[in-house]
Amino acid sequence: MIELGVNIDHVATVRQARRGHEPCPVQAAFEAIAGGADSITVHLREDRRHVQDADVRRLRAEIPVALNLEMAATDEMVGIACEVRPAIAMLVPEGRHEVTTEGGLDVRAQAARVREVVQRLAAAGIPTSIFVDADPAQIDAAAKAGAKVCEVHTGPYAHAVLAAGGRTEDAAVQAELAKVRAAGAAIVAAGLQFNAGHGLATANVRPIAALPKVAELHIGHSIVSRAVFVGIRQAVAEMKLAMVEAAAG
Ligand code: PXP
């Protein structure tokens with residue numbers, strides 16, 4: 001059954017707007033789990049703009065589902081991951097000026113470094129997922145680096161849906177969807193788990209959730225946005241329902 005990893009970074013974004021205690025990401029995680037989240041994801045950024053170190057530690061200690069730690073492939077983050085021991089480390093590129101992750105990790109350009117990071121994490125018992133563009137060469141490099149999972153960047157697909165006014169049957173949308181589908185097939189052929197995420201919302205998630213062999217979707221911004229109006233529990237439940245229905249065909 002397809003799984004949903006809920007990214008709660010933007011609960012922490014709202015808290016950091018006042019640098020206080022609310023809303024609490026741990027409480028948000030419990031609400032997300034009550035709504036059907038299979039795992040919880042946080043991105044501990046170098047600039048700590050939203051999630052803080054203490055959030056990661058508390059989540060790891062308190063939530064009853066897998067904690068996915070999204071992180072840059074830096075020595076600092078590897079050290080934190082080895083100490084906190086999330087269920088999986090999700091390597092992403094990170095830029096100080098980006099508002100969100102802008103593209104997949106260029107594994108080919110830094111193959112030796114990525115391999116070393118994956119090995120250090122594996123030695124601590126932590127499997128690695130690598131966030132990649134829908135590019136067979138990057139998937140090949142991620143597999144060679146020892147990743148257990150590749151998460152395909154669905155941002156270009158999501159942008160195509162927006163540009164097409166929501167019409168997923170649009171040719172440009174279908175072209176982006178075909179790239180994600182092909183990437184997923186390459187990931188599975190390489191023996192890795194196929195995950196996908198970025199820019200997904202209830203309006204565009206169904207074609208992605210219906211792709212063959214997709215194991216998990218990682219979704220944050222649209223769920224937290226919807227939660228402002230209906231609460232996290234319901235926002236997650238709506239997303240999970242759309243995913244599960246689409247996956248069941
Ligand atoms: N997957 C990865 C690797 C990400 O970096 C993000 C954003 O933090 C997401 C999924 C979730 O994207 P969104 O917030 O657009 O749902």
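Counting starts at 1 for both ligands and their atoms, following the listed order. The first residue of the sequence shown is numbered 1, and numbering continues consecutively from there. Keep in mind the model is a prediction, meaning the values are calculated, not measured.
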Considering only heavy atoms of [X], which atoms of ligand 1 have at least one such atom less than 4.0 Å away?
X: Val92; result: 3 (C)
X: Asn7; result: 8 (O)
X: Gly220; result: 11 (C), 13 (P), 14 (O), 16 (O)

For ligand 1, find out whether one of its N or O atoms is nearer than 3.5 Å to an N or O atom of [X].
X: Ser222; result: no
X: Glu151; result: yes
X: Gly197; result: no
X: Gly199; result: yes
X: Glu70; result: yes

Review point. What protein heavy atom sits nearest atom 14 (O) of ligand 1, and how far off is it?
Key: His221 N, 2.8 Å
Check your understanding: To which protein heavy atom is atom 11 (C) of ligand 1 closest, and what is the distance rounded to 0.1 Å?
Key -> His218 O, 3.8 Å
For [X] and [Y], which I'm curious about, is there any donor-acceptor pair between the side chains at under 3.5 Å?
X: Thr41; Y: His218; value: yes
X: Gln193; Y: Glu216; value: yes
X: Gln234; Y: Glu238; value: yes

Show which side-chain atoms of residues 145-152 pair as donor or acceptor with protein atoms under 3.5 Å away, not counting sequence neighbours.
none

Exercise for review: Describe, in one word, how the ring planes of Phe131 and His153 are oriented to each other, choosing from parallel (under 30°), tilted (30 to 60°) and perpendicular (over 60°).
Suggested key: tilted
Practice item. Please list, chain by chain and in numerical order, all residues satisfying side-chain contact (heavy atoms from CB on, under 4.5 Å) with Ala160, sequence neighbours excluded. Key: Val173, Glu176
Check your understanding: Stepwise, does the salt bridge (Lys or Arg N to Asp or Glu O under 4.0 Å) test hold for Arg48 with Asp55?
Key -> CA-CA 11 Å; Arg48 307 299 198 271; Asp55 296 323; over 6 Å; no
Exercise for review: Using a cut-off of 6.0 Å, state whether more than 12 heavy atoms not belonging to Arg108 lie near its atom CZ.
Suggested key: no
Check your understanding: Does even one non-hydrogen atom of His198 get within less than 4.0 Å of ligand 1?
Key -> yes
